[in-house]
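See below for the structure under consideration.
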Number of protein chains: 2
Amino acid sequence: MKKIINSPEHVLDEMLDGFAYANAHLVKRVTGTSVIARKYKNDGQVALVSGGGSGHEPSHAGFVGKGMLASAVCGEVFTSPTPDQVYEGIKAADQGGGVLLIIKNYTGDVMNFEMAAELAEADGIDVAHIVVDDDIAVEDSSFTAGKRGVAGTVIMHKILGAAAESGMGLQELKTLGETLVASIKSIGVSILPATVPAVGKPGFELADDEMEYGVGIHGEPGYRREPLKSSKEIAEELVMKLKDAFDWQEGDRYGVLVNGLGATPLMEQFVFMNDTAKLLDQEGLDIAFKKVGSLMTSLDMAGVSLTLVKVADEKWLDYWHMPVETTDWA
Amino acid sequence: MKKIINSPEHVLDEMLDGFAYANAHLVKRVTGTSVIARKYKNDGQVALVSGGGSGHEPSHAGFVGKGMLASAVCGEVFTSPTPDQVYEGIKAADQGGGVLLIIKNYTGDVMNFEMAAELAEADGIDVAHIVVDDDIAVEDSSFTAGKRGVAGTVIMHKILGAAAESGMGLQELKTLGETLVASIKSIGVSILPATVPAVGKPGFELADDEMEYGVGIHGEPGYRREPLKSSKEIAEELVMKLKDAFDWQEGDRYGVLVNGLGATPLMEQFVFMNDTAKLLDQEGLDIAFKKVGSLMTSLDMAGVSLTLVKVADEKWLDYWHMPVETTDWA
């Protein structure tokens with residue numbers, strides 16, 4: 001294992017301190033916790049809280065700030081944060097308008113975030129939650145029942161964050177969140193596996209010329225292995241899977257996110273964006289917003305995922321474009 | 001070679017189209033060229049142009065936009081753009097106030113950017129240039145005489161970009177640029193080499209337990225190989241090298257950039273930031289601004305670089321913090 005760390009058991013703690021130090025103008029680490037909270041408050045408005053296992057950086061702490069998350073709760077690598085940590089995250093985020101939890105659909109995360117919500121409600125904080133399950137690759141997986149939550153979660157942060165910043169109430173945000181979840185679908189491909197520091201070796205093996213469609217962001221098995229294909233061929237596979245899932249019509253309006261899985265250079269992400277754009281154009285879709293970058297990663301995994309959002313409301317575009325102050329949303 | 005591309009000879013063209021597509025709200029690809037230019041104009045003000053070989057993404061196209069670069073000229077991978085391409089970049093950038101070229105110190109870049117400047121001056125465009133040579137690791141290297149230009153170049157983009165946006169004139173910007181170059185020093189470490197698509201194999205070899213201090217962003221040799229060290233030990237080596245180069249005093253004011261070289265997860269960059277912060281604190285330095293991220297990469301190279309800026313003028317902090325509209329500066 002080649003990593004620039006000191007010891008696997010201190011990675012989370014040291015990463016959080018380094019993150020908080022570098023971004024002290026925007027965020028703080030809540031003392032004695034694994035919570036990154038924004039310094040900005042918008043009194044009386046709903047606060048968004050997300051998080052989960054670490055190893056997906058910049059998710060989620062990089063999206064803490066004005067216009068996106070109020071706090072992020074960071075578990076050990078690929079491990080859900082405990083209920084008491086999530087509870088700390090909710091308390092740090094609350095600004096008097098209630099708290100909306102955005103949870104990726106992994107069994108541990110859903111359980112722990114829900115337990116934390118109960119603790120916070122006992123304190124008199126209104127809490128609602130949304131479970132994101134945008135990965136259409138497989139049903140049920142190593143760490144979850146149903147579909148996994150992946151890069152579409154970041155789009156939830158952005159759109160719901162802008163809506164919350166604009167003053168939308170908790171129940172309306174939850175309803176918007178549910179509509180969004182139903183409108184966001186993702187699928188990915190991995191060409192190199194990730195290595196968890198505490199494990200010390202790759203989470204799965206791929207031959208030198210092999211790739212796997214549908215791998216999860218914790219290295220969960222996908223749906224097919226093949227010899228490495230070209231960017232065009234990979235784009236074709238992923239776009240057609242999304243076409244089946246959305247059952248779109250010519251002229252339908254979508255947003256698109258090409259997400260790097262960690263070690264994949266931006267160069268490859270843009271080549272893949274180019275191939276994907278041509279296919280979406282052939283399909284006659286109206287692409288209303290676009291983004292490319294490594295936003296929901298899996299440590300040093302190489303590969304990309306493709307997320308599409310069916311735009312159901314013009315207002316979503318305003319939320320997408322609203323300026324934010326975070327460390328990782330440019 | 002495992003890359004998500006179609007063919008090495010089309011990587012640049014397809015990357016530029018993908019980049020321009022994804023970021024069409026901010027930038028355009030100048031038709032028939034390898035120039036990315038911003039759509040925003042600030043009439044009568046100086047325009048900044050940078051660029052060089054590709055493979056360092058998000059540098060430089062990701063920093064094109066209001067408050068930073070007016071255009072970026074993108075050569076083939078690790079290959080200087082030709083004078084005619086740079087000339088196109090200058091013409092696309094010019095908004096009537098003259099053009100400042102920010103050139104990384106590689107022989108081909110310096111020669112081609114200077115030739116382009118002559119072509120543009122013949123057209124009546126005022127052109128000045130700055131050569132950035134912030135890498136203190138070695139003198140002279142595979143592609144250059146003197147010191148190499150690396151991640152400090154992005155700090156030049158930010159501070160000079162803000163100064164230009166604020167209305168500073170061409171000669172004053174050049175003077176500021178020269179003061180900045182003398183105030184910025186960088187040094188890095190590589191733990192995994194990069195693979196150029198057209199070459200198909202890594203640019204150099206490192207054993208499974210080996211790393212190399214001072215490797216360049218094109219894989220140029222560094223100054224020492226050792227068994228892989230901890231983040232703390234690497235931080236100690238790099239900070240002490242910078243201390244020797246700056247000869248700083250307790251209380252001196254600096255800015256710091258921890259830069260990922262491409263395939264290194266943010267997790268490791270933040271662990272390294274944490275170790276570096278402790279050392280800078282022990283040295284008694286006053287750290288006025290901080291940034292962590294993969295800003296000047298070398299394809300899929302793993303490793304980090306550390307850049308320090310000796311802050312000579314309070315005004316630089318205002319420039320550093322001035323908001324921008326680009327795709328990759330958050």
Side-chain angles (χ1 to χ4, degrees), chain A residues 2-7 10-11 14-19 21-25 54-55 57-58 62 77 189 191-192 197 208-209 211 228 230-232 234 258 262-275 277 290-294 297 299-300 302-304 321 326-330, chain B residues 2-7 10-11 14-19 21-25 54-55 57-58 62 77 189 191-192 208-209 211 228 230-232 234 258 262-275 277 290-294 297 299-300 302-304 321 323 326-330:
Chain A
K2 272 191 161 175
K3 291 187 186 292
I4 298 175
I5 59 173
N6 295 302
S7 68
H10 296 127
V11 158
E14 294 177 4
M15 169 180 75
L16 291 174
D17 279 348
F19 182 84
Y21 173 85
N23 301 302
H25 57 300
S54 292
E57 293 70 30
V77 177
V189 64
I191 66 171
L192 289 173
D208 279 352
D209 66 342
M211 61 176 209
L228 182 64
S230 70
S231 170
K232 278 193 181 82
I234 295 170
V258 168
T264 291
L266 278 169
M267 172 176 279
E268 296 172 45
Q269 297 177 43
F270 285 118
V271 167
F272 179 78
M273 173 80 267
N274 184 51
D275 290 315
K290 310 141 187 173
K291 196 164 182 75
V292 176
S294 299
T297 65
L299 296 166
D300 50 350
V304 292
H321 291 293
T326 69
T327 62
D328 285 288
W329 186 274
Chain B
K2 273 192 159 175
K3 291 188 185 290
I4 299 175
I5 59 173
N6 294 302
S7 69
H10 296 127
V11 158
E14 294 176 4
M15 169 180 75
L16 291 174
D17 279 347
F19 182 84
Y21 173 84
N23 301 302
H25 57 302
S54 292
E57 293 70 29
V77 177
V189 63
I191 66 172
L192 289 173
D208 280 352
D209 66 342
M211 61 176 210
L228 182 64
S230 70
S231 169
K232 277 194 183 80
I234 296 170
V258 168
T264 291
L266 278 170
M267 172 176 280
E268 296 172 44
Q269 296 177 43
F270 285 118
V271 167
F272 179 77
M273 173 81 266
N274 184 52
D275 290 315
K290 310 139 188 174
K291 195 163 183 77
V292 176
S294 299
T297 65
L299 297 165
D300 51 351
V304 293
H321 290 294
T326 70
T327 61
D328 284 287
W329 185 275

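Protein chains get the first letters and strands the later ones, always in sequence-line order, with residue 1 at the start of each.
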Look at the side chain of N6(B) and the backbone N and O of S231(A), then say whether any donor-acceptor pair between them is shorter than 3.5 Å.
-> yes
Between F270(B) and F19(A), how do the two ring planes meet: parallel, tilted or perpendicular, split at 30° and 60°?
->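 It falls in the perpendicular class, over 60°.
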Against chain B, label I234(A) side chain, backbone, both or neither, depending on which of its atoms sit under 4.5 Å from a heavy atom there.
-> side chain
For [X], is it the side chain, the backbone, both or neither that has a heavy atom under 4.5 Å from a heavy atom of chain A?
{"X": "L228(B)", "result": "side chain"}
{"X": "T326(B)", "result": "backbone"}
{"X": "N23(B)", "result": "side chain"}
{"X": "V304(B)", "result": "both"}
{"X": "D275(B)", "result": "side chain"}
{"X": "A302(B)", "result": "neither"}

With a 4.5 Å cut-off on heavy-atom pairs, point out which of K2(A), Q269(A), M15(A) contacts chain B the most.
-> K2(A)
With sequence neighbours excluded, residues passing salt bridge (charged side-chain N to carboxylate O under 4.0 Å, His left out) with D328(B) =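 Listed in chain order: nothing, the list is empty.
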Can you see which heavy atom on [X] is nearest to which on [Y], and at what distance?
{"X": "G303(A)", "Y": "I4(B)", "value": "CA-CD1, 4.0 Å"}
{"X": "G18(A)", "Y": "M273(B)", "value": "O-CG, 3.7 Å"}
{"X": "P265(B)", "Y": "D300(A)", "value": "CG-N, 4.0 Å"}
{"X": "E14(A)", "Y": "V271(B)", "value": "OE1-CG1, 3.5 Å"}

So do E268(A) and I5(B) actually touch side chain to side chain, heavy atoms under 4.5 Å?
->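 A side-chain contact exists here, since the closest heavy-atom pair is under 4.5 Å.
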Could you tell me whether the side chain of M267(B) reaches within less than 4.5 Å of the side chain of S54(A), counting heavy atoms only?
->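 SC-SC contact between S54(A) and M267(B) confirmed.
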Largest heavy-atom contact set with chain A, pairs under 4.5 Å, which of E57(B), M211(B), K3(B) = K3(B)
All side chain to side chain donor-acceptor pair (under 3.5 Å) counterparts of T264(B), not counting sequence neighbours | none
Between NE2 on residue H25(A) and NE2 on residue H321(B), distance to nearest 0.5 Å =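 Between atom NE2 of H25(A) and atom NE2 of H321(B) there are 7.0 Å.
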Roughly how far, to the nearest 0.5 Å, is NZ of K290(A) from OG1 of T327(B)?
->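 Spacing of OG1 (T327(B)) from NZ (K290(A)) equals 13.0 Å.
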